[in-house]
Amino acid sequence: MTDLKEELAMSLVKWRDTGALSPWSALRDLETHMNRLFKDSSAMTNWPAFDWAPAADLRETADAYHLDVDVPGLKKEEIELSVVDNYVTIKGERKHEKKEEKEGYHLYERHYGSFHRSFEIAGGFDPNKIEARYDNGVLHLTIPKREETKPKQIEVKVN
Amino acid sequence: MSGCATKQYTAAIVPRVDVVEGPESVVITAELPGVKKDGIELSVNDGILSLIGRKTESVAEGSVRVAERRHGEFRRSFSLGRGIDATRVDAQMDNGILKITLQKSESVKPKKITIN
């Protein structure tokens, strides 16, 4: 169980993208280096290796959670989706189109390699009713809430 | 492809790109997740390749729990330099990646010279 906890703690690292040449790009580079460092030392820890983390949006409605994850460049079959307790995990790998072509790069901003990200759905959900759709590089998930966690209207009678 | 000087616009999304030069062509790949093919405007004007567009994805209602993705307009431009044939530009959109292939001008392509 501790393994899972550590795994999730690592996966919940927030992703920030503020554009290519913004003041934040240095921070993003630092994050990439940190991730590489963790990857190199992953043999000594239980942390999973990952190279980048996709950006996501999560919204909650009365009936469901809607999770959208940006994974451009991946094919539908290359995305792995799994559910443990209250966590939805998305895993995959973005491969280089041509690996040998290392020279000739004028700009190299895109992230390659494996990613791994978990989202906690606090109120719980029905794992058998998750709907997944992949469209233009975005994974859209609809995660229906359990009946008992849906908001209910309770009528209060005053005598 | 000289320097690939890019102009930055603060209000718009700046898509992440890779620019790779091969012997015959220069390939630009841009990450545009959630952008449809007809939401992209690609043009070459006076040696500047411009990529402009808008993400028209419908956003579901509800309370926001996590908001990391960027929405709205995106812009990026590239200075092509003299070695690029601006009349032969090919663009393809696949799984949220726009791949632009620019052919080099005949004059700058590598040539083998036979010694007599």
Side-chain angles (χ1 to χ4, degrees), chain A residues 12 14-22 25 28 52-76 78-79 94 96-98 101-112 117 119-123 134-142, chain B residues 1-37 39-40 55-71 74-76 78-81 93-99:
Chain A
L12 291 169
K14 277 225 171 172
W15 189 84
R16 31 187 132 70
D17 178 22
T18 42
L21 293 172
S22 73
S25 61
R28 210 175 54 205
W52 61 285
D57 283 353
L58 179 65
R59 282 177 309 275
E60 183 182 350
T61 59
D63 302 324
Y65 288 89
H66 300 273
L67 179 64
D68 298 329
V69 188
D70 280 346
V71 279
L74 268 91
K75 292 190 188 85
K76 199 169 69 180
E78 292 171 333
I79 307 163
R94 182 151 58 206
H96 271 280
E97 256 184 72
K98 284 180 197 159
E101 207 173 29
K102 269 286 166 198
E103 60 244 40
Y105 271 92
H106 289 268
L107 287 173
Y108 186 52
E109 300 168 354
R110 299 181 54 209
H111 294 308
Y112 294 92
R117 209 164 164 193
F119 299 87
E120 187 184 11
I121 308 298
Y134 187 59
D135 207 7
N136 295 315
V138 185
L139 178 70
H140 303 274
L141 296 184
T142 305
Chain B
M1 200 94 188
S2 61
C4 279
T6 56
K7 207 171 182 178
Q8 301 297 318
Y9 299 84
T10 46
I13 306 169
V14 182
R16 257 178 229 275
V17 298
D18 279 359
V19 179
V20 190
E21 184 179 343
E24 308 251 305
S25 63
V26 174
V27 176
I28 301 175
T29 49
E31 293 188 350
L32 295 169
V35 178
K36 291 189 185 79
K37 199 172 75 174
I40 306 168
K55 203 187 251 193
T56 50
E57 207 181 38
S58 62
V59 178
E61 73 283 11
S63 327
V64 174
R65 297 285 174 255
V66 178
E68 300 164 348
R69 299 174 61 228
R70 307 287 304 274
H71 299 273
F74 59 86
R75 271 166 192 274
R76 190 131 193 199
F78 307 87
S79 169
L80 294 184
M93 190 71 185
D94 195 20
N95 288 324
I97 303 284
L98 177 69
K99 185 178 177 182

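Both backbone and side-chain heavy atoms feed into the values below; hydrogens, waters and symmetry mates do not. Below, chains carry the letters A, B, ... as their sequence lines are ordered, and counting in each starts from 1. Small disclaimer: the values here were computed from a predicted structure and weren't measured.
From Phe119(A), atom CZ reaches atom CZ of Arg65(B) across 15.0 Å, with rounding to the nearest 0.5 Å. Here the CG atom belonging to Asp70(A) is positioned 11.0 Å from the CZ atom belonging to Arg70(B), to the nearest 0.5 angstrom. Summarising the geometry, atom CG belonging to Asn95(B) is positioned 8.5 Å from atom CD belonging to Glu78(A); distances are rounded to the nearest 0.5 Å. Going from atom CZ of Arg16(B) over to atom CG of Leu107(A) covers 12.5 Å, rounded to the nearest 0.5 Å.
In this structure, chain B has heavy atoms under 4.5 Å from both the backbone and the side chain of Lys75(A). Contact annotation for Lys99(B): only side-chain heavy atoms (C-beta onward) come within less than 4.5 Å of a heavy atom of chain A. The contact between Leu74(A) and chain B is made entirely by backbone atoms, counting heavy-atom distances below 4.5 Å.
For Asp18(B), the salt bridge (Lys or Arg N to Asp or Glu O under 4.0 Å) criterion is met by no residue, not counting sequence neighbours. Looking at residues two or more places apart in sequence or on another chain, you find a side chain to side chain donor-acceptor pair (under 3.5 Å) between Asp57(A) and His71(B).
A donor-acceptor contact shorter than 3.5 Å links the side chain of Glu109(A) to the backbone of Val17(B).
Each of Lys37(B), Lys55(B), Lys36(B) was checked for a side chain to side chain contact (heavy atoms under 4.5 Å, CB included) with Asn136(A), and the lone residue meeting it is Lys36(B).
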